[in-house]
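The structure presented is a predicted model; accordingly, all values stated were derived computationally and were not measured.
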Amino acid sequence: MSGWDDLYPLPMLPSWVPGAAAGIVSLLVIQQLLFPYFWADLRYLLKVLMYGLRVEMYRLQGRIVTVLDKFVKLAEKQPHRPFLIYEGKVHTYRDVDRRSNRVAQVFLHHAALKKGDTVALLMGNEPDFIHMWFGLAKLGCVVAFLNFNVRSRSLLHCVSSCEPKILVVGADLLGTLEEILPNLQKDISVWIMTKDSTFPSVRTLLDKIEAASEDPVPVNRRSANNLKSSVLYIFTSGTTGATCVLKKKFSASQFWSDCKKYNVTVIQYIGELCRYLCSQPVKEGEKNHKVRLAVGNGVRNDVWREFLDRFGAVKICEFYGATEGNICFMNHTGKIGSVGRTNFFYKLFFPFDLIKYDFQKDEPIRNKHGWCEKVKKGEAGLLISKVNAKNPFFGYAGNKRHTEKKLLCEVFKKGDLYFNTGDLMVQDHENFLYFWDRIGDTFRWKGENVATTEVSDVIVMLDFIQEANVYGVSVPDHEGKAGMASLILKQNTSLDLEQMYKQVVTYLPSYACPLFLRVQEKMEMTGTFKQQKFRLVDEGFNPSTISDPLYFLDNSKKAYVLLTKEVHEMILSGKMKL
């Protein structure tokens, strides 16, 4: 009996095959050692390029696809699929489409709105916010999202910046409306989400929406002309896609039970949200949920690790970006602490640099030739992004001066132009990027941007304040920086803490109210005659090392109180809630 080799002779492999196989294995080993993120980078870059090519294809075809266009198409395809879940009630794609049609019909017949007119929305988290947005977009209106935390003068500034024809106010924000109504521009028509109104010359919406037709308005009303056409003005931040579970207010204690109840798979966060969740008492079955992805920014490394340990294999996609900016990063690899990664190809399409910054002069460092200099890897530098036809910077609505302030000219050579993000970043030797700090006149607290000039303007309205220097200070185990104000009193006056408290809580959103006050005899200035902040930031709010009088905003007492060593220790230990 012959062997199997005689019956089924094996084919002889060419002599080059083993060598080629060995070469491929060697290349894979070298790639893993020298370029461990090659395939992850390639997948991410291909996704970005695909989106870019799709947008370019639309542009060449003369098509502009907006969020509304995408929604309407999905409403036709899947009318009965849930789009919003709010307080237990399901709003399907068809429900939202039809109610937004009613909104469009109301403004079509009761307001003289033209395509391109701006309508400002001062509304909280509720389905009618979406209905208003989509309904107005169906009329070709530009919609301005106002931050409902902002009050008084700041809110009036936001309204005047976008120059709306109409202001729509939610039923739970009528108190805010009452504050600004006497100073609101007379040519702005005000509408409120109620059936009745006690305000003179203010129109109601709910009664008209309920009586309106659900018929769609002509499609040509909503078409955008080009990619530079204004669609939204954003004074706050937020994202909707897919089915969205919406709540009026965030609840750390109910968060995971809500995720389980509604089979949530993706969550959006700011760093504080993750910290709040980690601060909750440990419960049984915390990993028993379907959340697979968390997208957001501002989470600390220690909170990031604890979040993963407690709540399971959730992929955290930390990102960096600004609504008005022309650069963004996404941590597609899951590296803890990083906001993203760069490489040769990314910089080819989205050119950016990290440059040296002078903290004392509060401006980029320029060498003897007048050019800016790049930092080395591992050093903190100011993130700047090149402005060109592919990466434009459109600026801020109604504020040419602020737009110009965000641009740096002749950075590395004559004629170049860069967008100044105002953020310090660090790039490590593996090309991961890390957010370091914010410079200039803003800082973040409670996930919100705080404009120092806005806070100081409110404080100096008090008749006993000569000058106010506002800045952010670090507080252990808290994201961002807490607001602190260094005060110079007018001669022959004293600090009225009761008036100070009343002033800030009346005219500022809660996150912008300074938590700490410091009374100084004179204000230190920089060489360019700006208020000196950096030494004050470094000194913080420690009464053991600061001889000046210090005060703390005690929310439980609704008053500013003397910041003693005991109070300071309670803040550091977390016993005093900020």
Side-chain angles (χ1 to χ4, degrees), residues 45 48-49 51-53 55-60 64 161 225-231 233-234 319-330 339-427 431 433-442 526-530:
L45 185 64
V48 172
L49 288 176
Y51 282 121
L53 288 171
V55 171
E56 183 65 13
M57 182 180 69
Y58 287 152
R59 187 187 68 82
L60 293 172
I64 304 298
S161 295
N225 298 327
N226 56 65
L227 285 174
K228 293 184 179 180
S229 298
S230 297
V231 175
Y233 293 128
I234 301 179
F319 72 89
Y320 168 86
T323 304
E324 76 278 23
N326 65 345
I327 186 74
C328 66
F329 303 109
M330 171 70 81
V339 297
R341 221 178 97 77
T342 186
N343 53 50
F344 170 79
F345 296 105
Y346 189 87
K347 290 198 73 170
L348 198 64
F349 292 101
F350 308 101
F352 73 91
D353 283 289
L354 303 179
I355 60 173
K356 294 180 180 179
Y357 193 80
D358 189 323
F359 295 96
Q360 299 301 317
K361 293 182 179 178
D362 199 17
E363 61 186 27
I365 294 173
R366 292 184 181 263
N367 60 26
K368 62 181 180 180
H369 303 294
W371 308 124
C372 294
E373 296 184 345
K374 301 175 184 179
V375 298
K376 296 176 182 176
K377 287 188 176 182
E379 293 180 355
L382 176 65
L383 173 65
I384 59 173
S385 175
K386 195 164 191 177
V387 177
N388 53 35
K390 295 293 183 185
N391 297 295
F393 171 60
F394 298 112
Y396 301 98
N399 204 319
K400 188 178 179 182
R401 184 174 66 86
H402 281 174
T403 297
E404 290 171 350
K405 274 181 68 177
K406 295 296 287 186
L407 293 171
L408 290 175
C409 304
E410 302 194 340
V411 177
F412 301 116
K413 62 182 181 180
K414 275 199 169 185
D416 66 6
L417 190 65
Y418 281 79
F419 170 68
N420 177 2
T421 65
D423 292 323
L424 296 170
M425 306 278 278
V426 174
Q427 182 175 334
N431 292 325
L433 292 151
Y434 302 83
F435 178 81
W436 187 261
D437 204 354
R438 181 155 289 179
I439 62 165
D441 297 326
T442 61
T526 68
T528 52
F529 302 103
K530 296 178 180 177

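With sequence neighbours excluded, the residues forming a side chain to side chain contact (heavy atoms under 4.5 Å, CB included) with Y396 are E324, F393, N399, H402, T403, K406, listed by chain and number.
The shortest heavy-atom contact between N420 and I384 is CA-CG2, 4.3 Å. Nearest approach of K386 to Y418, heavy atoms of both residues: N-CD2, 3.3 Å. Contact detail for A380 and V426: the closest heavy-atom pair is CA-CG2, 3.6 Å. Pairing each heavy atom of G381 with each of V375, the nearest pair is CA-CG1, 3.8 Å. Heavy-atom minimum distance, I327 versus S385: CB-OG, 3.6 Å. In terms of heavy-atom proximity, Q427 sits nearest to T342 at NE2-CG2, 3.6 Å.
Using modelled atom types, one side-chain atom of D416 and one backbone atom of V411 make a donor-acceptor pair closer than 3.5 Å. Not one N or O on the side chain of Y357 forms a donor-acceptor pair closer than 3.5 Å with the backbone of I365. D423 places no side-chain N or O within donor-acceptor distance of the main-chain N or O of W436, the cut-off being under 3.5 Å.
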Starting from the C-alpha separation in whole Å, work towards a yes-or-no answer on side-chain contact (heavy atoms from CB on, under 4.5 Å) for L382 and L424. CA-CA 4 Å; L382 176 65; L424 296 170; 4.3 Å; yes
Is there a side-chain contact (heavy atoms from CB on, under 4.5 Å) between F435 and M425 once you walk through the steps? CA-CA 5 Å; F435 178 81; M425 306 278 278; 4.1 Å; yes
Decide yes or no on side-chain hydrogen bond (donor to acceptor under 3.5 Å, both in side chains) for N431 and Y346, but give the supporting numbers first. CA-CA 11 Å; N431 292 325; Y346 189 87; over 6 Å; no
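Under a cut-off of 6.0 angstrom, the local environment of NZ in K377 is crowded, with over 12 non-hydrogen atoms contributed by other residues, nucleotides or ligands. Counting heavy atoms of neighbouring residues, nucleotides and ligands inside a 6.0 Å radius, atom CZ of F345 does not exceed 12 of them. Crowding of W371 atom CH2: a count of heavy atoms from other residues, nucleotides or ligands under 6.0 Å exceeding 12.
Contact of the L408 side chain with the I355 side chain is registered, since non-hydrogen atoms from C-beta on lie closer than 4.5 Å.
Under the 4.0 Å criterion applied to side-chain N and carboxylate O atoms, K347 and D353 are assigned as salt-bridge partners.
Considering E363, E373, E379 in turn, E373 is the only one that fulfils the salt bridge (charged side-chain N to carboxylate O under 4.0 Å, His left out) rule with K356.
The CG atom of N388 lies 8.0 Å from the CG atom of N326; values are rounded to the nearest 0.5 Å.
A cation-pi arrangement is present between K374 and F412 under the rule of less than 6.0 angstrom and at most 45 degrees off the ring axis.
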